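What follows is one structure encoded as structure tokens, with my remarks underneath.
These numbers come from the heavy atoms of this one structure, side chains and all, not from hydrogens, waters or symmetry mates. In this text the structure is predicted, and so the values were computed from the model without any measurement. Naming: A, B, ... by sequence-line order, numbering from 1 per chain.
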2 protein chains.
Amino acid sequence: MKNSKNPPDVTAEQKILISAREIFHKKGFEGARMQEIADKAGINKALLHYYYRSKEKLFDAVFAEALKTLIPKVKELLDAELPLFDKIKYFTDNYIKLLMENMYLPVFVIYELFQNPEKILSKFTEKSNFTPSVFIAQIRKSVKNKEIKKTDPRQLFINLMSLCIYPIIAKPLIMKIYDLNEQGFNRFINQRKKEIPEFIINSIKINKNSSSNGKK
Amino acid sequence: MKNSKNPPDVTAEQKILISAREIFHKKGFEGARMQEIADKAGINKALLHYYYRSKEKLFDAVFAEALKTLIPKVKELLDAELPLFDKIKYFTDNYIKLLMENMYLPVFVIYELFQNPEKILSKFTEKSNFTPSVFIAQIRKSVKNKEIKKTDPRQLFINLMSLCIYPIIAKPLIMKIYDLNEQGFNRFINQRKKEIPEFIINSIKINKNSSSNGKK
DNA sequence: TAAATAGTTAACCATTTGGTTAATCTGTTT
DNA sequence: AAACAGATTAACCAAATGGTTAACTATTTA
């Protein structure tokens, strides 16, 4: 059976998945080596194939896990019961935090998805619903209620995602062009956590002036 | 000698670089196969090594070429003699056009840079200047002149880049979540060409109305 | 406790892959 | 045309790589 008895116990199968995750995230499907995964897991290479029949199967497991971590998290943040502006702040803060804690995840997902969109996405046909319908509806409603300017909800959502994700996947480039070290980069990203919501809200908010002195 | 005489003449060396570019851009360093590059170039694999000694050297040539296409182009767009708002429109339009014409470029650059930042960037030490100094200065000046709100130029530049690049590298994801086909995606991107400048300008422009509104 | 089952390994295998060699071809120079 | 230099190729090679086999070792189970 899979479970032995010793308390600090991690199954071989778990160790494999953990190691595979790390290697695949860092090096991608093509760059990853089964031997390296086995070594990192502290087991024999044959055992990889005992649990996961092939490199592809193992990769699929890792990728599915990645998407199933990411998508529900995004959904959860976007579905929070908050007014639009608060939600934008809330999302930015927590999403960037999540990405920073999983530095390799975004590039990994984007790259592999780009390599093989149909093959990968076909496995996620109906499973998790990718569409951020609640958020989209909320934007649409805010427009209708004249709380924000006329805005295409689809574009706004992509704007939000862009502003959060891009700086992280472009980390090496940003460190280069702004001459930052690791610490400087972290500061830059933390600054962004405030900057992004302000930037977005400034753009979509309606300037209520003239008549009543619309305090913020 | 390298040059023959026939008019429709492309050197083997050129054919190699062209094929290598295509393959590396699409499949990345690890995914690319020397044999495939040779086949696509219509030459023998040994000839690859005759001109470029190794896979790495060939890759370096391709990557350098990519950066040397991209960076000066970005610089050129950012250095145009235009008022800030016009420049933002001008940049968005032309940069997105450039990226759409080279769909694989952004993911390629980002991915390989993420795989091996120091190794790759060390080769571009002083060569091309990565920093968009003219644009940064222009923003700073616009702030000083009260033409736009108080804005961190570094953040604004990254905002602009994010909004242009991300939608393109996330193409498969966007097609999935919005249920678009190729044509629908192109429409979405074209819509963005208008959307992005509006979005940015709305955010940073100063609302000049009635009483002075010096708010940050 | 003995048979059966699950977990684990060392050794092995076939294929792929980047790279090399030595020979051949092609055009130029003398 | 003979010599020469660069261009091009077929054949080859060693290392790496994903995957398999057969044996060995717990762990369940009857």
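- The salt bridge (charged side-chain N to carboxylate O under 4.0 Å, His left out) analysis of residues 28-49 of chain A, with sequence neighbours excluded, yields the pairs A:Glu22-A:Lys40, A:Lys27-A:Glu36, A:Glu30-B:Arg33, A:Arg33-B:Glu30.
- Taking side-chain N and O atoms only, A:Tyr51 has a distance below 4.0 Å to OP1 or OP2 of C:dT8.
- Judged as a salt bridge (Lys or Arg N to Asp or Glu O under 4.0 Å), and not counting sequence neighbours, the contacts of A:Arg21 are A:Glu65.
- When the local axes at the two ends of the helix from C:dT1-D:dA30 to C:dT30-D:dA1 are compared, using 5 base pairs at each end, they differ in direction by 10° after rounding to 10°.
- At the phosphate of C:dG19, OP1 or OP2 sits under 4.0 Å from a side-chain N or O atom of B:His49.
- Here the P atom of nucleotide D:dG18 and the CD1 atom of A:Ile16 are 15 Å apart, to the nearest Å.
- Between B:Glu198 and B:Lys193, no side-chain nitrogen of the basic residue sits less than 4.0 Å from a carboxylate oxygen of the acidic one, so the salt-bridge criterion is not met.
- Ring geometry for A:Tyr104 against B:Phe114 counts as perpendicular: the plane angle is over 60°, on a 0 to 90° scale with 30° as the lower cut.
- Between the OH atom of B:Tyr52 and the P atom of D:dT8 there is a distance of 13 Å, rounded to whole Å.
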Check against side chain to side chain contact (heavy atoms under 4.5 Å, CB included), B:Lys55 and B:Phe24: CA-CA 10 Å; B:Lys55 189 184 184 185; B:Phe24 276 130; 4.2 Å; yes

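- Counting non-hydrogen atoms of neighbouring residues, nucleotides and ligands closer than 6.0 angstrom, the NZ atom of B:Lys141 reaches no more than 12 such neighbours.
- Note on ring orientation: taking the six-membered ring where Trp is involved, the planes of B:Tyr111 and A:Tyr111 are parallel (angle under 30°, cut-offs 30° and 60°).
- The side-chain contact (heavy atoms from CB on, under 4.5 Å) check on A:Asn44 picks up A:Ala46, with sequence neighbours excluded.
- A:Tyr50 has no side-chain polar atom (N or O) that falls below the 4.0 Å cut-off from OP1 or OP2 of C:dT9.
- A cation-pi geometry, defined here as NZ or CZ lying under 6.0 Å from the six-membered ring centre and within 45° of its normal, does not hold between B:Lys57 and B:Tyr52.
- Residues from residues 34-47 of chain B that place a heavy atom under 4.0 Å from any atom of DNA chain C, listed by number: B:Met34, B:Lys45, B:Ala46.
- Using a 4.0 Å cut-off on heavy atoms, none of the residues of residues 17-31 of chain B approach DNA chain D.
- By the 6.0 Å contact criterion, CD on A:Glu101 is enclosed, its count of non-hydrogen atoms from other residues, nucleotides or ligands being greater than 12.
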A:Glu195 vs B:Arg154, salt bridge (charged side-chain N to carboxylate O under 4.0 Å, His left out): CA-CA, chis, key distance, verdict: CA-CA 11 Å; A:Glu195 198 79 12; B:Arg154 295 186 317 168; over 6 Å; no

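- Whole-Å rounding puts the A:Asp60 CG to D:dG18 P distance at 15 Å.
- Rounding to whole angstrom units, NZ of residue A:Lys55 and P of D:dT20 are separated by 15 Å.
- In this structure, B:Leu48 places its CG atom 13 Å from P of D:dA10, rounding to the nearest Å.
- Put simply, A:Arg33 has a side-chain N or O that comes within less than 4.0 Å of OP1 or OP2 on D:dG18.
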